[in-house]
There are 2 protein chains.
Amino acid sequence: MIDNDGDPGQVRPAAVTVDLVILTVRHDELHVLLVERGKEPHLGRLALPGGHVRENETLDQAALRELEEETGVNGHLLHLEQVHTYGDPGRDPRGRVITVAYLALGPDLPVPVAGSDAQGARWAPVESVLDGQMELAFDHSTILRESLERARSQLEYTTVAAAFCPEPFTVSDLRKVYEVVWGFPLDPSNFRRKVTRAERFLEPTGEFRAPQIGRPAALYRRGEARLLFPPLLRSGDVADAQFTATTLR
Amino acid sequence: MIDNDGDPGQVRPAAVTVDLVILTVRHDELHVLLVERGKEPHLGRLALPGGHVRENETLDQAALRELEEETGVNGHLLHLEQVHTYGDPGRDPRGRVITVAYLALGPDLPVPVAGSDAQGARWAPVESVLDGQMELAFDHSTILRESLERARSQLEYTTVAAAFCPEPFTVSDLRKVYEVVWGFPLDPSNFRRKVTRAERFLEPTGEFRAPQIGRPAALYRRGEARLLFPPLLRSGDVADAQFTATTLR
DNA sequence: TTACTAAAGGTCTCCTTGACTTTAACTAGT
DNA sequence: ACTAGTTAAAGTCAAGGAGACCTTTAGTAA
C-alpha cells in the first residue's frame with residue numbers, strides 16, 4: 001500500500017527482479033539450473049537465473065518468461081510457484097533490488113539452450129552448492145536453500161512430485177523423486193500403497209514399461225489432485241530442522 | 001538478480017511496500033485490522049495497514065515497524081511471517097507498486113491506538129469482508145483471502161495457533177482458536193488428546209483457571225516447538241478447496 | 001532351467017483417529 | 001445440603017494408516 005507516507009525523503013524506488021530456482025532430477029541426483037555471471041558485480045560467479053520484471057507484466061508472467069528464456073521449455077508444462085521475496089538493503093551493491101524468488105520443478109530438462117541471454121547456463125548438483133563448497137552470487141545460496149526446503153515440504157502435502165516425472169511414469173520413477181529430493185530411501189512397498197491409494201494423484205494409463213531387467217511396471221499420468229490426502233510425511237526428521245528455519249531477518 | 005538485461009527501456013523502478021494482514025480472535029470471531037484511507041485513490045475505503053519500505057531496512061524490519069505503528073504492540077511478541085508478494089501492473093493507478101504481504105497473528109489486541117498515522121484503524125470481522133459485502137481498496141481483498149488460507153493451513157502443521165492466545169491459556173482457549181480460524185467445531189476430547197501429546201507444543205504451568213461455571217482448567221504456556229508433529233489435519237475439507245487456489249496469474 | 005531383478009501385492013503389529021462415554025470439579029438454585 | 005447444570009479431563013472402542021517385512025509375479029541374462 002502506498003499510503004500514510006509522510007516521509008518522501010526516506011523512500012526510494014527499487015529495481016524489481018525475479019529469480020528462479022529451477023530444479024530437476026538427473027541421474028538420480030537433484031540439480032539446479034545456474035548461470036555464470038557475465039558482468040560485475042560477482043563477475044564469473046554462478047547465480048540463479050533471473051531478470052527484471054518488465055513494465056506491463058505481472059510477477060508470475062515475468063517468472064514464466066524467464067523460465068522459458070532460460071530453459072527453452074514452455075513454462076506452462078512445469079510447476080511454477082512464488083516462494084519468497086528478498087530485499088535486504090545490502091544484497092546488491094548497485095542499489096536497492098527486490099527479488100521475488102520462484103520455484104520451478106520439471107522433468108529431466110534438455111541441457112540449457114544456447115541463444116538464451118544467459119552466459120553458460122548449466123545444471124549443477126544441488127548438494128554441491130549447499131555443502132558450502134560453491135558460494136553463489138548475491139544471496140542466491142540462501143534463496144536456493146530456502147526454496148529447496150519449501151520443495152521438500154511441498155512433497156509432503158501436495159502432488160508436485162509428479163511434475164518432476166515426464167509422462168507417462170512409473171511408481172518407481174515417482175519414488176525416486178521423493179528419495180532424491182528428501183535425501184533418504186523409502187520403502188518401495190509402503191510408498192506404492194500410499195500413492196496409489198491417494199485420490200486422483202495417479203491415473204493409470206493401462207500401459208506397461210519393461211525396465212532393463214525385472215518385471216514391467218505399470219504406467220501412470222498425473223491426476224487432477226493438487227493436494228495430497230493423506231499427506232506423505234517425513235516423520236521425525238522434521239523435528240530436527242525446525243529451529244533453523246523460522247526467524248525473521 | 002539485476003543481470004542479463006539488455007532492455008533498460010523496458011524496466012522501470014517500482015515503489016516497494018509492505019501490507020499487513022493482522023488477525024486476532026475477539027468474541028469468538030476472527031478479526032482483521034483495517035484502516036480507512038485518508039487520500040486518493042480509494043479515499044474513504046477500507047484497506048490493510050501498510051506502508052513504504054525505507055531505505056535502510058529489510059522487508060521484515062519494515063513489516064515489524066508497521067506492525068508496531070499500527071497496533072502499538074511490540075511486534076516481537078506476535079507471530080509475523082512473509083506470505084506472498086503482489087505486483088500486478090494495474091494494482092495501483094499511481095504507478096508500479098510492489099507489495100510484500102505479511103501475516104501477523106496475535107492475542108486479542110488492544111483497540112488500535114490513536115496517534116498512529118492510520119486514519120481510523122479498526123477491527124473488522126473477517127467473514128464480513130470476505131463474503132463480498134465489503135470490498136477493500138486495491139487488491140487487498142485478494143491479499144486477505146489468500147493470507148487467511150495460509151493461516152488456516154499453518155494451523156495444521158505448525159504451532160502458531162498458540163500465538164493467538166494470551167499466556168497463560170487453556171486447552172479450550174486454543175481449541176477456540178482452531179474453531180474460529182477454520183470455521184467449524186472440533187471434538188473437545190480428541191483435540192485435547194492431540195495437542196497435549198504433541199511434543200513441546202504446550203508447557204503446563206501447574207496452575208488452574210476457574211471458568212464462570214464448570215471445572216477449573218489447567219493452564220499452559222507456548223512450548224518451544226514450531227512445527228507440529230503429528231500435524232492436526234482438517235481432513236476432508238481440504239479436497240474441496242484445492243482447485244480454487246493454485247493458479248498463476 | 002536357474003539365477004537374478006524389479007514390480008506388485010500381502011501380512012502383521014502398533015499407533016493414530018474419530019465417535020462416543022464416563023468421571024471429576026466446580027457453581028447456582030432450591 | 002442436595003440436585004441440576006456446566007465445563008474439564010480421562011477413558012473406551014472400532015476402524016484405518018503406517019512401518020517392517022515377506023511372498024508372488026513377470027520379466028531378463030547366463
Side-chain angles (χ1 to χ4, degrees), chain A residues 28 155-157 165 168-180 182 184-199 201-221 225 227-239, chain B residues 28 155-157 165 168-180 182 184-199 201-221 225 227-239:
Chain A
D28 295 355
L155 257 55
E156 297 187 290
Y157 310 115
C165 300
F169 56 89
T170 69
V171 173
S172 292
D173 293 338
L174 187 64
R175 177 167 50 85
K176 200 81 219 168
V177 168
Y178 275 89
E179 294 181 332
V180 166
W182 283 352
F184 54 85
L186 298 171
D187 183 286
S189 188
N190 294 334
F191 179 83
R192 167 185 317 282
R193 184 177 57 197
K194 288 201 262 190
V195 296
T196 53
R197 278 197 192 164
E199 280 295 304
F201 185 11
L202 302 182
E203 184 186 310
T205 66
E207 310 268 294
F208 292 84
R209 174 196 294 159
Q212 295 276 8
I213 194 173
R215 177 175 174 174
L219 291 170
Y220 299 85
R221 292 187 196 290
L227 292 178
L228 192 52
F229 192 83
L232 251 160
L233 302 174
R234 284 177 288 176
S235 315
D237 317 298
V238 189
Chain B
D28 295 355
L155 258 55
E156 297 189 288
Y157 310 116
C165 300
F169 55 89
T170 69
V171 173
S172 291
D173 293 338
L174 187 64
R175 176 167 50 85
K176 200 82 219 168
V177 168
Y178 275 88
E179 293 180 333
V180 166
W182 282 353
F184 53 85
L186 298 172
D187 182 285
S189 188
N190 295 334
F191 179 82
R192 167 186 317 282
R193 184 176 57 197
K194 288 201 259 191
V195 296
T196 52
R197 279 197 192 164
E199 280 294 306
F201 186 10
L202 302 182
E203 183 186 311
T205 65
E207 311 268 293
F208 291 84
R209 173 196 296 158
Q212 296 276 8
I213 193 173
R215 176 176 173 175
L219 291 170
Y220 298 86
R221 291 187 196 289
L227 292 178
L228 193 53
F229 192 85
L232 251 161
L233 303 174
R234 282 176 288 175
S235 313
D237 317 298
V238 188

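So you know, we letter chains A, B, ... as the sequences are listed, proteins then strands, and number each from 1.
Note: CG (B:Leu219) to P (D:dA9) measures 9 Å, nearest angstrom. Rounded to whole Å, atom C1' of C:dT16 lies 9 Å from atom NZ of B:Lys194. When the P atom of C:dA28 is taken as reference, atom CD of B:Gln212 falls 8 Å away, rounded to whole Å. Rounding to whole angstrom units, CG of residue A:Leu228 and P of D:dA18 are separated by 10 Å. Distance, B:Arg197 CZ to D:dA9 C1': 13 Å, rounded to whole Å. Nucleotide D:dG17 holds its P atom 16 Å from the CZ atom of B:Phe229, rounded to whole Å. Between the OH atom of B:Tyr220 and the P atom of D:dA8 there is a distance of 12 Å, given to the nearest Å. When the C1' atom of D:dA8 is taken as reference, atom CG of B:Leu186 falls 16 Å away, rounded to whole Å.
Aromatic ring orientation, B:Tyr178 versus B:Trp182: perpendicular (interplanar angle above 60°, classes split at 30° and 60°).
Each of B:Leu233 and A:Asp187 has a nearest nucleotide on DNA chain C; the 5'-most of these lies closest to A:Asp187. Taking for each of A:Asn190 and A:Ile213 the nucleotide of DNA chain D with the nearest heavy atom, the 5'-most of the two is the partner of A:Asn190.
When all heavy atoms of B:Val171 and B:Phe191 are compared, the closest pair comes out as O-CE2, 3.7 Å. Nearest approach of B:Leu155 to B:Val177, heavy atoms of both residues: CD2-O, 4.4 Å.
Heavy-atom neighbours of B:Glu199 CD from other residues, nucleotides or ligands within 6.0 Å: at or below the threshold of 12.
Residue contacts shown for B:Ala210 are absent, as no nucleic acid heavy atom lies under 4.0 Å away. A:Pro211 comes within contact range of no nucleotide atom at all, as no heavy-atom separation falls under 4.0 Å. Counting any heavy atom pair closer than 4.0 Å across all strands shown, B:Ser172 reaches sugar-phosphate atoms only and no base atom.
If you check distances only, the side chain of A:Arg215 never reaches the base of D:dA26 with a donor-acceptor pair under 3.5 Å. Put simply, the side chain of B:Arg193 and the base of C:dG18 share a donor and an acceptor less than 3.5 Å apart. A donor-acceptor contact under 3.5 Å links the side chain of A:Ser189 to the base of C:dG9.
Side-chain contact between A:Leu186 and A:Lys194 is absent, with no heavy atoms from C-beta onward closer than 4.5 Å.
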